[in-house]
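Structure, as structure tokens:
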Amino acid sequence: MYTASTSKTFFLESSKGDLREMLGTDRRETEGEAEEAPVIIQVENLSFRYYGSEQYALRNVNLMVKKGEFVALAGRSGCGKTTLLRCLNGLVPNFYEGEMSGRVLVDGKDTRYTPTHIISQVAGMVFQNPDNQLFALSVEADIAFPLENLGLPREVILERVEWALNALGIEDLRYRSPFELSGGQKQKVAIASVLAMRPKILILDEPTSSLDPASAKNLIDSIVELNKREGLTIIISEHRLELLLPHADRLIVMDQGAIVRDGDPKLILRDGNLLVYGVAPPKVSEVARYVNAHQGCLRFDEIPLTVREFVEKVRRLIG
Amino acid sequence: MISFEEVEYVYPNGVKALDNISLRIGRGEIVALMGENGSGKTTLLKHLNGLLKPTRGRVLVDGVDTRSATVAELARKVGLVFQNAESMFFSSTVWEEVAFALRNFGYEESVVRRRVEWALNFMELMDYAESSPFLLSGGEKKRLALAIVLAWSPEVIALDEPTTGQDQLQKEKLMQMIKLLREQDRTIIISSHDVEFIAQLKPRIILMKRGRIVADGSADEIFLNEDLPLSCNLLPPQIASLTRELSFLGLKPSLKHPQEVAEELLDALSKILHKS
């Protein structure tokens, strides 16, 4: 029988460092609200071709992300979203090899010259399928495992596990086996285990793809919370834009390895048809676009992303 | 074509996944099983080809009781495409993966070649014919799983969450494929919680919750009901919510195309603005 007390023997003992430093509490800069947020990701003229492949997965990508931004990444399957995300935490080119030009700076560190285990403490990555990320016998042990690998002291590990469970509201799952959890719960555990590393950036590659709508909404809500409460920078790729866009500061659309749109979602949806890029806008914004095309008595300067925004605009018109 | 008679299924760990399911599906019907994860959709699908046999009650496929037939016999009639496509794969190339079942069914090599070619072309996988199935992307793996089943052309095709991880272009392709299969009088059963996709396909919908059927009706009947989808943890289609919220202008709740909704809205608005 595997219990919580035995799972704690899992933790490696190691020398005690400065607790605050280990917890990453000193990382949080105290910025004035008015001050412009610093750049945390800078991608310059990035092109990449996987080893053995003739086609470029990324073509001259330029991108700047500020600390605390919530960025939605969209585009058809195979457009380069996953490759770009892998570049942001150094998996490309350190794990997935290939021919890379240009550079990626994550929190000032050049990913080519920084070991993956260092980058991954700054930019944590959550994958599509949580089953690939979970393996331990209990949720607690799963979250603790990467911290043990870092050789953190036991108290620090316990504290961070506690914090991560709490940040996702899954304290009640602590002693459960990851394999008996629902898809949505598993994905939250996967996020918690990444979060326990105290990254500044959370990168999520289609995290809701196997979840039912209510669980997907619930997961997105948790991610939005992390962005608001912890000031975490979020970069998330997702097909279900109706759940994501109401919360995103910015929408990036990729096609054939290049960025083809980058900006305020409401303006991007107003100015063009995204279906050609394999991206389905929320249905309400489709209706709004058709309304604009008619040039009738109603016009949306900003395309609504939710039913509520749409209806409010209509009510204002008729007074 | 398919009938469930008071079917109950209890997993070995004691979880009752199907609870008194009675259901008839006719030849050529398209049916969507909808409900949250864990509501019993996949368990129900696995009863179609005898992977699971009822603990109580019985399942008839084309008149054959699944308890008295082997999975191999049922597989000719019912092709099941799993949600986790990878669990179907074991061959070293995409081509071999599709050819395997056909050879097993005893088709001649020339027929096998023709059908594999057709299925791979149809699913846009020909470029990967010599690649390992395990190296495909998530969306490609799903298309391969479909290609395998399409190649042997069973009468009943059951798709478990076919739109998961698919982009909009692939979803539209899937929609076309389902409509094409309907033309060929195939019976199609889809488990899905992709509300927007199903609202566009407009099949008969069977709503499940905790192993039971809670509603069985047309897409309009299910999705335009204010409470039903939410009670099963499904978010209603946006068009349904939008048209309901706009009913103060005289719009009727519907699942119409966004363009039609825009036109109806402008009509209603111009009448109101004209009056005042």
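Each chain gets a letter, A, B and so on, in the order its sequence line appears, and its residues count up from 1.
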Notebook entry, point to check: Would a 4.5 Å heavy-atom cut-off, applied to side chains only, mark B:Q238 and A:E242 as touching?
Noted result: yes
Notebook entry, point to check: At what distance, to the nearest 0.5 angstrom, does CD of A:Q185 lie from CG of B:N37?
Noted result: 11.0 Å
Notebook entry, point to check: More than 12 heavy atoms of other residues, nucleotides or ligands under 6.0 Å from CZ of A:R308: is that the case?
Noted result: no
Note to self: Could you report the tightest heavy-atom contact between B:S270 and A:C297, atom names first, then the distance?
What the structure shows: N-SG, 4.1 Å
Note to self: Between A:E286 and chain B, with a heavy-atom cut-off of 4.5 Å, which part of the residue counts as in contact: side chain, backbone, both or neither?
What the structure shows: both
Note to self: Could you check whether any side-chain heavy atom of B:L169 comes within less than 4.5 Å of a side-chain heavy atom of A:L275, counting everything from C-beta outward?
What the structure shows: no
Item checked: Pair B:Q170, A:S77: side-chain N/O donor-acceptor within cut-off below 3.5 Å -> yes
Item checked: Nearest non-hydrogen partners of B:L249 and A:V314, listed with the distance -> CD1-CG1, 3.7 Å
Note to self: Could you check whether any side-chain heavy atom of B:E245 comes within less than 4.5 Å of a side-chain heavy atom of A:F310, counting everything from C-beta outward?
What the structure shows: no
Note to self: I'd like to know whether CD of A:E180 has more than 12 heavy-atom contacts from other residues, nucleotides or ligands below 6.0 angstrom.
What the structure shows: yes
Check: B:Q166 versus chain A, heavy atoms under 4.5 Å apart: side chain, backbone, both or neither?
Finding: backbone
Note to self: Under the criterion side-chain contact (heavy atoms from CB on, under 4.5 Å), I'd like the reasoning laid out for B:V261 against A:V291: C-alpha separation, chi angles, the key distance, then a yes or no.
What the structure shows: CA-CA 9 Å; B:V261 175; A:V291 166; over 6 Å; no
Check: Is B:E260 atom CD crowded by more than 12 heavy atoms from other residues, nucleotides or ligands, each under 6.0 Å away?
Finding: yes
Next item on the list: Work out which heavy atom in B:I239 is nearest to a heavy atom in A:V287; give both atom names and the distance.
Entry: CD1-CG2, 3.6 Å
Check: Can you tell if the side chain of A:Y290 reaches within under 4.5 Å of the side chain of B:E263, non-hydrogen atoms only?
Finding: no
Next item on the list: Could you check which of A:A214, A:P213, A:A288, A:C79 has the highest count of heavy-atom pairs closer than 4.5 Å to chain B?
Entry: A:P213
Margin query: Has A:D212 got a side-chain atom pairing as donor or acceptor with B:H193's backbone, closer than 3.5 angstrom?
Written below: no
Notebook entry, point to check: Counting only heavy atoms not in B:K202, do more than 12 fall under 6.0 Å of its NZ?
Noted result: yes
Next item on the list: For residues B:F248 and A:V311, determine if any side-chain heavy atom of one lies less than 4.5 Å from a side-chain heavy atom of the other.
Entry: yes
Next item on the list: For atom CZ of B:R210, decide whether the heavy atoms of other residues, nucleotides or ligands shown that lie under 6.0 angstrom number more than 12.
Entry: no
Notebook entry, point to check: Side chain, backbone, both or neither: which part of A:V279 has a non-hydrogen atom closer than 4.5 Å to chain B?
Noted result: backbone
Margin query: Please classify the contact between B:L265 and chain A as side chain, backbone, both or neither, with a heavy-atom cut-off of under 4.5 Å.
Written below: side chain
Note to self: Need one label for B:Q200: side chain, backbone, both or neither, based on atoms under 4.5 Å from any heavy atom in chain A.
What the structure shows: side chain
Check: Is the count of non-hydrogen atoms from other residues, nucleotides or ligands lying under 6.0 Å from B:F82 atom CZ greater than 12?
Finding: yes
Note to self: Within the structure provided, determine whether B:Q168 and A:H239 are in side-chain contact (heavy-atom separation under 4.5 Å).
What the structure shows: no
Item checked: Most contacts with chain B, counted as non-hydrogen pairs under 4.5 angstrom, among A:K283, A:Q128, A:E206, A:K217 -> A:K283
